[in-house]
S.K.: 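Quick one: this structure, given as structure tokens, is what I'll be asking you about.
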2 protein chains.
Amino acid sequence: MPKQAGFKRKAQITKVATNKFREKGYRAVSMRELAEHVGIEAASFYNHFDSKESILKEICFRMGNEFFNTINIALAEEKKTDKMLERAIKSHINVITDNMDASAVFLHDWRYLSEPYLSEFKEMRRKYEGIFRKIIKEGMDKGIFNKQDETFTVLMIFSSLNWVYDWFDVKGKFTAEQIGTNISKLILEGIRK
Amino acid sequence: MPKQAGFKRKAQITKVATNKFREKGYRAVSMRELAEHVGIEAASFYNHFDSKESILKEICFRMGNEFFNTINIALAEEKKTDKMLERAIKSHINVITDNMDASAVFLHDWRYLSEPYLSEFKEMRRKYEGIFRKIIKEGMDKGIFNKQDETFTVLMIFSSLNWVYDWFDVKGKFTAEQIGTNISKLILEGIRK
DNA sequence: TACTTTTGCTAACAAATGTTAGTATAAAAA
DNA sequence: TTTTTATACTAACATTTGTTAGCAAAAGTA
């Protein structure tokens, strides 16, 4: 079958791959399995992507950009430190809940990238974490957050955010907005009354 | 080479496998690669294990038991709800920091178990989470914890605990004990002053 | 000592892997 | 219309995969 007008094979491949990678893990998904779900032969992928890894690459870096873009918008024009943290947290959670499959791939399968993309990816992530670190540090310096090792606090925050993809249920009782609000509150106030 | 007295091949295999699985992920580690690190041929594994999966099985279920045993000891004779939560958290973190590689495998690679072990594993994990859920619920009922969906709170707590293996550095500036204390405090009190 | 068990080896297997070569045809551009 | 480009196909490739068969020798047991 030849080109079909009005539908983008490449986007479809990325979507299917994202879904399958999330479901089984990058290494456990074969090109032939992917092909079957897309509705083409495995060899036909190579008209759209250089390699299996380049599909992964696209998913990981697209998500990276998504996290950056969203948080930049969220933080613009907000000056109060605690509000900034809240916005950053909500932004992060929104990106995850809006891209559940891709988030899982982003968080798990990046390690199968080869150099130099692996280093590039890590650097990107480091920068993103830096946004949070800066807010936390500012809050501690101003005395509105408890003084603690800031790296520790940032890691702890990411830890609690980065499993959202694992248990957030789109049809469940919470909206992404509520999840964001609740997690922000838990992080800021703790669970003790 | 024949049997060598005084050293346990099976234990060595488990150890090497745990380390490699953690490093690269279960699916990305081949029997031949494992063999090279153990110092035997790939075929020789089958004198000690039925299959590659049975190595994974052993790691996952041994860790499961470890979590249960440790938390049971930690909770014995403690009656105050908030102290119980603190102890549960510290217990969980101690198991992770004492078994960094195995924890990563336990948390990531369990999904490559096949039935019926997959279901058995999930059930085990569900029971373990139930211990935390019960404490949280008790605390909410007594009014010492903020009222919230308890499943949500439990997931959030696990989320922040289960990434410890990813960033805890044995030689770093914090001991496992300090990590436990800090995380407990963050969960209970939040970061805001 | 003689016998059994354990643990290792080499060789090979069938299946699955990512990928390339060569070709055909529909869509797009000229 | 003719030409070019994009996208699909079939067939095959070289590796790598987990695993088995058959055999040898050390360790354990009698």
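Note on naming: letters A, B, ... go to the chains in the order of the sequence lines (proteins, then strands), and numbering restarts at 1 for each one.
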S.K.: What is the separation between atom CZ on F49(A) and atom P on dG18(C), rounded to the nearest whole Å?
M.R.: 15 Å

S.K.: Under the 3.5 Å rule, do the base of dA8(D) and the side chain of N47(A) count as making a donor-acceptor pair?
M.R.: yes

S.K.: Checking contacts here: which listed nucleotide (dA11(C), dC9(D), dG18(C)) is nearest the side-chain heavy atoms of E41(A)?
M.R.: dC9(D)

S.K.: For S44(B) and dT7(C), is the shortest distance between a side-chain N/O and OP1 or OP2 below 4.0 Å?
M.R.: no

S.K.: At under 4.0 Å between heavy atoms, what does V38(A) touch on the DNA or RNA strands: base, sugar-phosphate, or nothing?
M.R.: nothing

S.K.: For I40(B) and dA26(D), what is the distance between atoms CD1 and P respectively, to the nearest whole Å?
M.R.: 18 Å

S.K.: State whether K24(B) and E33(B) are salt-bridged, where the test is any N-O pair (Lys NZ or Arg NE/NH1/NH2 against Asp/Glu carboxylate O) under 4.0 Å.
M.R.: yes

S.K.: Provide, to the nearest angstrom, the distance between the OH atom belonging to Y46(B) and the P atom belonging to dG22(D).
M.R.: 18 Å

S.K.: For residues E138(A) and T81(A), is any side-chain donor paired with an opposing acceptor at under 3.5 Å?
M.R.: yes

S.K.: Figure out the CG/C1' separation between L34(A) and dT17(C), and round it to whole Å.
M.R.: 13 Å

S.K.: Ignoring the backbone of A43(B), work out which of dG18(D), dA11(D), dT20(D) is nearest its side chain.
M.R.: dT20(D)

S.K.: Please compare I13(A) and S30(B) by the position of their nearest nucleotide in DNA chain D and report the one closer to 5'.
M.R.: I13(A)

S.K.: Atom CZ of F45(B) to atom C1' of dT7(C): distance rounded to whole Å?
M.R.: 13 Å

S.K.: How many whole angstroms separate atom NZ of K24(B) from atom P of dT16(D)?
M.R.: 12 Å

S.K.: Does K52(B) qualify as a cation-pi partner of Y26(B), given the criterion of NZ or CZ under 6.0 Å from the six-membered ring centre and within 45 degrees of its axis?
M.R.: yes

S.K.: Rounded to the nearest 0.5 Å, how far apart are CZ of R22(A) and CD1 of I59(A)?
M.R.: 12.5 Å

S.K.: Hey, does the side chain of H48(A) come within less than 4.0 Å of dA6(D)'s phosphate (OP1/OP2), counting only N and O?
M.R.: no

S.K.: Is the closest side-chain heavy-atom distance between W167(B) and T151(A) below 4.5 Å?
M.R.: no

S.K.: Determine whether any donor atom in the side chain of R9(B) lies under 3.5 Å from an acceptor atom in the base of dG8(C), or the reverse, and answer yes or no.
M.R.: no

S.K.: Measure the distance from CZ on R32(B) to C1' on dT15(D) and round it to the nearest whole Å.
M.R.: 11 Å

S.K.: When the distance from CE of M31(A) to C1' of dT19(C) is rounded to whole Å, what number comes out?
M.R.: 8 Å

